[in-house]
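Not measured: the values here are computed from a predicted model. Just so it is clear: chains get the letters A, B, ... in the order the sequence lines come, proteins before strands, and each one is counted from 1.
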Protein chains: 2
Amino acid sequence: MKRVTSRDVAEYVGCSVASVSLVVNGQHEGRISEQLHARILAAIDVLDYRPNQSARSLATRTPSNVVLVCPDVRNPFFGDVFHGIVESLSGKYGVDLRVGPGGADYDSDTVREAQAGNIAGLVLANPSHEVLATFQATCPTVLIDSPDATVSLDRVDIDIRDASRQIAEHLTSLGHRWIAYLDVRRSKDTFVQRREGLEGSLRANGGNIVATAFADELSVAEGSKVFLSSWQEWDAVGVTAIVCADDMLAFGVVGAAHSIGVPIPDRLSIASYNDIPFAQLLDPPLTSVTFDGQELGRLAGQKLLAAIQGDRSGNLTMQTHLQARASTAPAPPTPPAATRTPGSR
Amino acid sequence: MKRVTSRDVAEYVGCSVASVSLVVNGQHEGRISEQLHARILAAIDVLDYRPNQSARSLATRTPSNVVLVCPDVRNPFFGDVFHGIVESLSGKYGVDLRVGPGGADYDSDTVREAQAGNIAGLVLANPSHEVLATFQATCPTVLIDSPDATVSLDRVDIDIRDASRQIAEHLTSLGHRWIAYLDVRRSKDTFVQRREGLEGSLRANGGNIVATAFADELSVAEGSKVFLSSWQEWDAVGVTAIVCADDMLAFGVVGAAHSIGVPIPDRLSIASYNDIPFAQLLDPPLTSVTFDGQELGRLAGQKLLAAIQGDRSGNLTMQTHLQARASTAPAPPTPPAATRTPGSR
DNA sequence: TTGAAAGCGCTAACAT
DNA sequence: ATGTTAGCGCTTTCAA
């Protein structure tokens, strides 16, 4: 398994490694004879020589890869983001994806590991406050969906507050007043804004968040679990709609609601953020705010390219739009246990 | 953005790079004075020095990363696989994920690029025949779901033929005889086996594949598209069930069937391979054969570890089990256009 | 206990 | 047209 080196090729041909290097890099025009050129090419083929990329970028000081660090590829959203980045960087840089160990979110160590390779650029999707607080740029870096970040890095954001506003107005226009919020226990700007934005817009429209629960992670299973342990209480309080911080949680809630016979949307409306492609196939189709992950990735890729060339391109915020589907409907006329007015918990 | 090097640290402290190296690698016991040790540590902290991983693995000839190459992370299955590998290799190696450019499948170039870094190991998920035919190992490599591969590499496979058998028996036991197969235009063993296995088991049980269509890629949109352009013909032939080569396609079929008012499962049953977590939340819940992507990844990680240590651990085949859900039901008593006997096309 | 020096595989001046 | 040489940032003998 010993790898073939340029020295091996040179010895095989009987020339210097410099000549091999010139040929490999296509710099041979007028520098290497047709003769030698052909023999080197042949030797490369015979020996199956592949230049060692790390050695090469060490020598040239121009790395050839960038890396995307994201919380969890099992959430299709990040698959989309990755795909967008690959698309916009294709041909220019190789793109590697990195996640934290153990399916948990990534932390500063994960980022430092990613920075340890010599890379041309870095994209951080959804960084936690901890990551942001300790982050030291070692190469051009762009942030995705990190709306309140104070670090001086280019960002491509999602207009989260507006997304929350759309959900809030949709729900209140359907007559929902007592709303539960299923948050995730992650210290990230985007989730802070989801909750705060929702709360603000709800209040402005006569609604309120009357109950909140926290998922430990953004997974379907967690969504189910938290719903099952909260529903009895929420039901008693007269909750008619649940907003989830992410589709993954909403999926879990929908599944669990089915399992205990809570009719959606007749008894309970469900809305969420992300609108991953599967959301519209759900039973019932899920009302969700669309974040275009692929476009987000594409833009991040372009910003990274600019940053690598030394042009800071500033921030950019993508708009979202609500997809109202069958998981939300008018609030039941007399919420079963609505013995109180919104806001009075 | 100039990166701090060990030389910078050495100059700052006023010592040699060798001493810095020893401290960084924890080899300082009895070789470096407490004095110097402390000063170097302090300098590392002040300057925020991070060893260049590529330089380091160049020098030691012991790389610290492995890479997983897979077709498309937007298919949650590969997200699971990745997660499994990360889990089993966590702490030992960093794991990078690579895909082909443009959302298409990866090809030999993608693999060669991945091999160009200096890496400890490589995992190829679902390699095409083209990739396999041109593949040259440059480091320990393991294959995932590449059942007929003749290359001499460790593999972790899925018992695809048995998966097909389960689907076939399930469908025929429900009385289905005229079955359409939605294949994908990919030259891969796993898809060959899905189709051949299905065909064989169907025949053995009185059913038959009476029509086949091909998707260009494994996406929900492609599933819808191909279904819409095929259904009229299939309907005419009396097809009562469709088997899809992957859940992604099945999702598209289900969505499209809804859109044109074909009742599932009353008129049409749908079954598929993979059972990604969203399958059971579909409307109706999708009958599918479970492939445990995460476990597959975990096993691949272990095999890779063994291979790196020089132990070839051979092949391993994972069993699957059918999840019969509401998307499959007894065939309609008189298939609308069943004017012919199975097999007579 | 510390430093000098060679070398990992490659590129890029600079010689010849 | 080709080879020699000096590094890229790091580790690792080997001397001091």
### Task
Take the protein atom CD of Glu11(B) and the nucleotide atom C1' of dA4(C), then report the distance between them rounded to whole Å.
15 Å

### Message
Rounding to an integer number of Å, can you tell me how far His28(B) NE2 sits from dT1(C) P?
### Response
12 Å

### Query
Rounded to the nearest Å, what distance is computed from the CG atom of residue Leu36(B) to the P atom of nucleotide dG3(C)?
6 Å

### Message
Are the side chains of Arg98(A) and Leu68(A) in contact, using a 4.5 Å heavy-atom criterion?
### Response
no

Could you list the donor-acceptor pairs under 3.5 angstrom formed by side chains in residues 301-310 of chain B, with sequence neighbours left out?
from: Lys303(B); atom 1: NZ; to: Ser313(B); atom 2: O; distance (Å): 3.3
from: Lys303(B); atom 1: NZ; to: Ser313(B); atom 2: OG; distance (Å): 3.2
from: Lys303(B); atom 1: NZ; to: Gly314(B); atom 2: O; distance (Å): 2.9

### Message
Counting neighbours of CZ on Arg185(B) that are heavy atoms of other residues, nucleotides or ligands and sit closer than 6.0 Å, is the number greater than 12?
### Response
yes

### Where protein sits on nucleotides 9-16 of chain C, one letter per nucleotide: B base, S sugar-phosphate only, - none, heavy atoms under 4.0 Å
BBBB----

#### Entry: Min side-chain heavy-atom separation Val69(B)-Tyr106(B) under 4.5 Å
yes

### Message
Quick one, Asn126(A) and Arg186(A) - any side-chain contact, counting heavy atoms below 4.5 Å?
### Response
no

